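Chain naming here is simple, since letters A, B, ... match the order of the sequence lines and numbering starts at 1 in each. As the structure is a computational prediction, the values presented were derived from the model and not from experiment.
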Protein chains: 2
Amino acid sequence: MTTSKVYIETFWQIHRMIEEAGLQPGDRLPSERELADRLRVGRSSVREALRALELLGLIETRRGEGTFMKPFGDHQLIQLLGSFILQGNREKRDLIETKMFIERMCLQLACERLTDEKLEHIARAEHTYDLFFQRVVEATDNYLLLRIWLVLNDFFEHVYTLTLPSEFYEQMWTALQKRSCEEATAIYEQYVMQKMSKAN
Amino acid sequence: MTTSKVYIETFWQIHRMIEEAGLQPGDRLPSERELADRLRVGRSSVREALRALELLGLIETRRGEGTFMKPFGDHQLIQLLGSFILQGNREKRDLIETKMFIERMCLQLACERLTDEKLEHIARAEHTYDLFFQRVVEATDNYLLLRIWLVLNDFFEHVYTLTLPSEFYEQMWTALQKRSCEEATAIYEQYVMQKMSKAN
DNA sequence: GAAGTTAAGTGGTCAGACCAGTGGCGACCA
DNA sequence: TGGTCGCCACTGGTCTGACCACTTAACTTC
């Protein structure tokens, strides 16, 4: 009311600055020190504002290089999911259930849309669950879905570590190569869902 | 995997602390200085982590008083995020595709878990798409899924208005009453997906 | 007992220092 | 000439200590 918080003010000023300068994805923002200087606020306030912009997915910071506009029209609605974090086992169950459902959904979509190029990309992925599956989700060509999955996976990693045998990755890749939705789903259920049901 | 940035680590540590202490809405968190002391990081890092939690709607800070758990149910973030949406066609496609997929997922889950009480609740819902479907999603008993759907729906409403004939609601309710996943899915595809494919 | 004062604690902000990466520029060498 | 190496300026990341504005509660005073 009386004095609005500086970092909020700064947030909007930077946001306006981005709009007025017409910054495009990949473009660089002024350095934190210069922003602080220009807006006549402390660097810490600038940083708190930048954190918000980062969380919203508008910018990306790279140490030693600078702050950049993030690629893709990245409406970060999904971050809202963060509000679910309020404690409890029930939320964990919900998280696992939702994540598995979405992953199966992605497998289906991937089978429909998979290009040879994307297939190659998946093949080259390391045999860790998150890296492998990220490429599968990318193959769906649905950026929103990717965002949702990334958030779910991020939370998931703080709860469990999922390691699967090499056969899983090999069989899954074979199924994807054949674009066989049924086969991919079956493999997923056999390995992942079985393992997660035991973990509960 | 390993996040080198302190403020991200701190974010998760505070989050864990909230969980383990079982903090409820309205409860107070330790002061910034105490958190910094306890987690052995600088106060500025604590503040950047708190900013993130605040943006996610988990906490609320009151100058001179402290930091408190926030009651959930706040839509303020959605409004904030709303100012960032620059709707491209690709994003629309992703939104519609994802929302429809999730709704079908919810139909499946609802058929598995639907209680008579929830069924009644659905029956009493008005015949508007969002109100009807919200109750369906609620019937899945998965709060995370509900959160995701609410966000998707919120944005969806800024793009389209979906009106369906009464038959849809009646047929759907009949299918749910029978707990028939196949039937419900078929009705969904017949009415919703058909209509949306034309809208594109 | 009530009103006013004080002191301690809290979030908000700033300035300055240092660390750790990045990248460009110039000196040096083959 | 062409390449390489190393220096240095600049960037984000972090910490510290200081001060302000505000709240609360204990204390003093009438």
Student: R38(A) and P30(A): which non-hydrogen atoms are nearest, and at how many Å?
Tutor: NH2-CG, 3.4 Å
Student: Would you say L176(A) ends up clustered with L131(A) if hydrophobic residues are merged whenever their side chains have heavy atoms under 4.5 Å apart, either directly or through other cluster members?
Tutor: no
Student: Specify the separation, in whole Å, of atom CG of L35(A) and atom C1' of dC10(D).
Tutor: 15 Å
Student: Are E138(A) and R135(A) close enough for a salt bridge, meaning some N to O gap below 4.0 Å?
Tutor: no
Student: Which of these nucleotides, dA20(C), dA21(D), dT10(C), is closest to any side-chain atom of S31(B)?
Tutor: dT10(C)
Student: May I have the distance from L29(A) (atom CG) to dT11(D) (atom P), rounded to whole angstrom?
Tutor: 13 Å
Student: What does S44(A) touch in the nucleic acid at a heavy-atom separation under 4.0 angstrom: a base, only the sugar-phosphate, or nothing?
Tutor: base
Student: Starting the side chain at C-beta, find the nucleotide from dG11(C), dT14(D), dG13(D) nearest to S45(B).
Tutor: dT14(D)
Student: Please tell me which of the listed nucleotides, dC15(D), dG12(D), dG12(C), lies nearest to the side chain of R43(B)?
Tutor: dG12(C)
Student: When the distance from CD of E9(B) to P of dC15(D) is rounded to whole Å, what number comes out?
Tutor: 12 Å
Student: Between P on dT11(D) and CZ on R47(A), what's the gap in Å once rounded to a whole number?
Tutor: 14 Å
Student: Between P on dT23(D) and CZ on R62(B), what's the gap in Å once rounded to a whole number?
Tutor: 11 Å
Student: What is the distance, to the nearest angstrom, from the NZ atom on K5(A) to the P atom on dT10(C)?
Tutor: 16 Å
Student: Between R28(B) (CZ) and dT23(D) (C1'), how many Å, whole number?
Tutor: 11 Å
Student: Looking only at side-chain atoms of E65(A), point me to the closest of dA20(C), dC14(C), dT22(C).
Tutor: dT22(C)
Student: Just how far, in rounded Å, is P of dG11(C) from CG of L50(B)?
Tutor: 8 Å
Student: Under 4.0 Å between a side-chain nitrogen and a carboxylate oxygen: does that hold for E60(B) and R62(B)?
Tutor: yes
Student: Answer with base, sugar-phosphate or nothing: what part of the nucleic acid does T61(B) contact at a heavy-atom distance below 4.0 Å?
Tutor: sugar-phosphate
Student: Tell me which nucleotide among dG12(C), dT13(C), dG13(D) gets nearest to the side chain of R51(B).
Tutor: dG12(C)
Student: Could you check whether G42(A) gets within reach of a base, just the sugar-phosphate, or nothing at all, counting any heavy atom under 4.0 Å?
Tutor: sugar-phosphate
Student: Quick check on DNA chain D: between E32(A) and V46(B), whose nearest nucleotide comes earlier from the 5' end?
Tutor: E32(A)
Student: Using heavy atoms to find the nearest nucleotide of DNA chain C for E34(B) and V41(A) separately, return the residue whose nucleotide is more 5′.
Tutor: E34(B)
Student: Taking donor-acceptor contacts at under 3.5 Å, does the side chain of R33(A) reach the base of dG12(D)?
Tutor: yes
Student: Which of parallel (below 30°), tilted (30 to 60°) and perpendicular (above 60°) describes F133(A) and Y188(A)?
Tutor: perpendicular
